[in-house]
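Please read the structure below before turning to the comments.
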There are 2 protein chains.
Amino acid sequence: MTRPTFRAESLGYRVNDLARLLAHALRDRIAPFGVVPGQFPQLLALYEEDGLTQAELCRRVRVEQPTMANTLSRMERDGLVTRAPDPADGRRSLVHLTVRARMIEDDLVSAASSVNVDATRGVEQERLSTFMAVLAELVDNLEGRPAASPSVADGGSTP
Amino acid sequence: MTRPTFRAESLGYRVNDLARLLAHALRDRIAPFGVVPGQFPQLLALYEEDGLTQAELCRRVRVEQPTMANTLSRMERDGLVTRAPDPADGRRSLVHLTVRARMIEDDLVSAASSVNVDATRGVEQERLSTFMAVLAELVDNLEGRPAASPSVADGGSTP
DNA sequence: CCTCGGTGGATAGCATGCTATGCACAAGAC
DNA sequence: GTCTTGTGCATAGCATGCTATCCACCGAGG
């Protein structure tokens, strides 16, 4: 046998699977509101604070700038946001939610919550807490440093 | 405050983040071999069993058929697989690995393993086991039934 | 003022994923 | 034998994500 279960056991493989399933479930539930999953992080960030610049949105939702530019264009097309030039800086434009986007906030958050609830149905609370904590650790490992040699002690590094 | 932390705490949000980070890390490490992350599941499935049909590949890696058709076209273009008509059934074609694809198997598996190792560095084994187990439960919840009425009994529906 | 490096944003080009269709072939109904 | 149904695959069209570039504007140095 080669590695008959590597695929099934690989972290990356399974996480990718789960991400697609979650996105699919979310898509189904927010379609009635004329929103697609890729617009969700931007909307949530703007619900938290409106009138951000594109660059600031990139930092908060952690996607690359061209991705954000394209997504915002679609959101503008779909009547979710408007882009107005920043009077204080000719390079920037400020992204604002439309009235429509604000009106569907509760619906969207409910839809997303229901996906999370469905996905975690039957999972013990403590195990779920561990899951979320480990998830955060994995993200930290991957986005923090590219990881060097951690085998020994970890003190004294980056002097 | 509206929901200042819903975004940061949402399962779907975090899982999507992690999936992109993992894919990015994998991309960096397999680029030298002329392979991209989206080809990985197909390669692993074919390493397990060569000569599958496109439909069977779809079932095993769980992507939709048009996605598979496009991915296989790119893999064919990149010299990783060949598609030969099935003599036993005029509709089907059988997907076979090329010599080149077989030669880089060990490198690819090593690269993927190293991503998993890096991502899980410093995570206790038991917590990691819980993580993987919960991950599987979440996938089951989402892909099983669309979930109906969970609170009471589930018998008697769809008479 | 003018040049320059840095930042903000847009565009081009590509990989992955999806849904919706269309067409070819297989296999059974008649 | 033909017709109907189902299966396998391709294509069109779109959403998301990325990298690589390019242009425009800001602010500091001269």
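Below, chain A is the first sequence line, B the second, and so on; all start at residue 1. Treat the numbers as computed from the prediction; the structure is a model and nothing was measured.
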(request) Let me know the distance between CE of M68(B) and C1' of dT16(C), rounded to the nearest Å. (result) 12 Å

(request) Take atom CD of E76(B) and atom C1' of dC9(D), then tell me their distance rounded to the nearest Å. (result) 13 Å

(message) So does A101(B) get a backbone contact from the side chain of Y47(B), meaning a donor-acceptor N/O pair under 3.5 Å?
(response) yes

(request) Take atom CZ of R77(A) and atom P of dA10(C), then tell me their distance rounded to the nearest Å. (result) 15 Å

(request) Would you name the heavy atoms of R20(A) and D17(A) that are closest together and state the gap between them? (result) NH2-OD1, 2.8 Å

(request) Pick base, sugar-phosphate or nothing for S93(A), based on heavy-atom distances below 4.0 Å to the nucleic acid. (result) sugar-phosphate

(request) Classify the nucleic acid contact of P37(A) as base, sugar-phosphate or nothing, counting any heavy atom under 4.0 Å across all strands shown. (result) sugar-phosphate

(request) Output yes when at least one side-chain N/O atom of R20(A) is less than 4.0 Å from OP1 or OP2 of dA15(D), else no. (result) no

(request) Find the distance L72(B):CG to dG8(D):C1' and express it as a whole number of Å. (result) 13 Å

(message) Assuming nearest nucleotide by heavy-atom distance, tell me which of G90(A) and R62(A) is located more 5' along DNA chain D.
(response) R62(A)

(request) Grab the two heavy atoms, one from R100(B) and one from G79(B), that are nearest each other, plus how far apart they are. (result) NE-O, 3.8 Å

(message) Distance check needed: dG9(C) C1' versus E56(A) CD, whole Å only.
(response) 15 Å

(request) Find which nucleotide of DNA chain D each of L94(B) and N70(A) is nearest to by heavy atoms, and output the residue with the more 5' nucleotide. (result) L94(B)

(request) Decide, yes or no, whether a salt bridge links E105(B) with R102(B) under the criterion of side-chain N to carboxylate O below 4.0 Å. (result) no

(request) Report the nucleotide, chosen from dT11(C), dC18(C), dA26(C), that has the shortest atom-to-atom distance to any side-chain atom of P66(A). (result) dT11(C)

(message) Is there, by distance only and without an angle test, a donor paired with an acceptor across the side chain of Q65(B) and the base of dA10(D) below 3.5 Å?
(response) yes

(request) Verify whether one side chain among R29(A) and S110(A) offers a donor that lies under 3.5 Å from an acceptor in the other. (result) no

(message) Quick check: on DNA chain C, is the nucleotide nearest S73(A) upstream (toward 5') of the one nearest D78(B), or the reverse? Name the residue that is more 5'.
(response) S73(A)

(request) Determine: side-chain N/O of R74(A) to OP1/OP2 of dT16(D), distance under 4.0 Å, yes or no. (result) yes

(message) If I take atom CG in residue L26(B) and atom P in nucleotide dG17(D), what distance separates them, rounded to the nearest angstrom?
(response) 18 Å

(message) Check this one for me: any side-chain N or O of T67(B) less than 4.0 Å away from OP1 or OP2 of dT16(C)?
(response) no

(message) Below the 4.0 Å mark, does dA10(C) have OP1 or OP2 next to a side-chain nitrogen or oxygen of R83(A)?
(response) yes

(request) Using heavy atoms to find the nearest nucleotide of DNA chain C for R91(B) and G38(B) separately, return the residue whose nucleotide is more 5′. (result) G38(B)

(request) Inspect the contact between E48(A) and R60(A) and indicate whether a charged nitrogen and a carboxylate oxygen are less than 4.0 angstrom apart. (result) no

(request) Report the distance from atom CG of D17(A) to atom C1' of dC18(C), rounded to the nearest whole Å. (result) 15 Å

(message) Between C1' on dA24(C) and CG on D86(B), what's the gap in Å once rounded to a whole number?
(response) 15 Å

(message) Under 4.0 Å from OP1 or OP2 of dT19(C): is there any side-chain N or O of H24(A) that close?
(response) yes

(request) Determine: side-chain N/O of R59(B) to OP1/OP2 of dG8(D), distance under 4.0 Å, yes or no. (result) yes

(request) Verify the contact: side-chain N or O of Q54(A) to OP1 or OP2 of dT7(C), cut-off strictly under 4.0 Å; return yes or no. (result) no

(message) From C-beta outward on E64(A), which listed nucleotide comes closest to its side chain: dT16(D), dA15(D), dT19(D)?
(response) dT19(D)

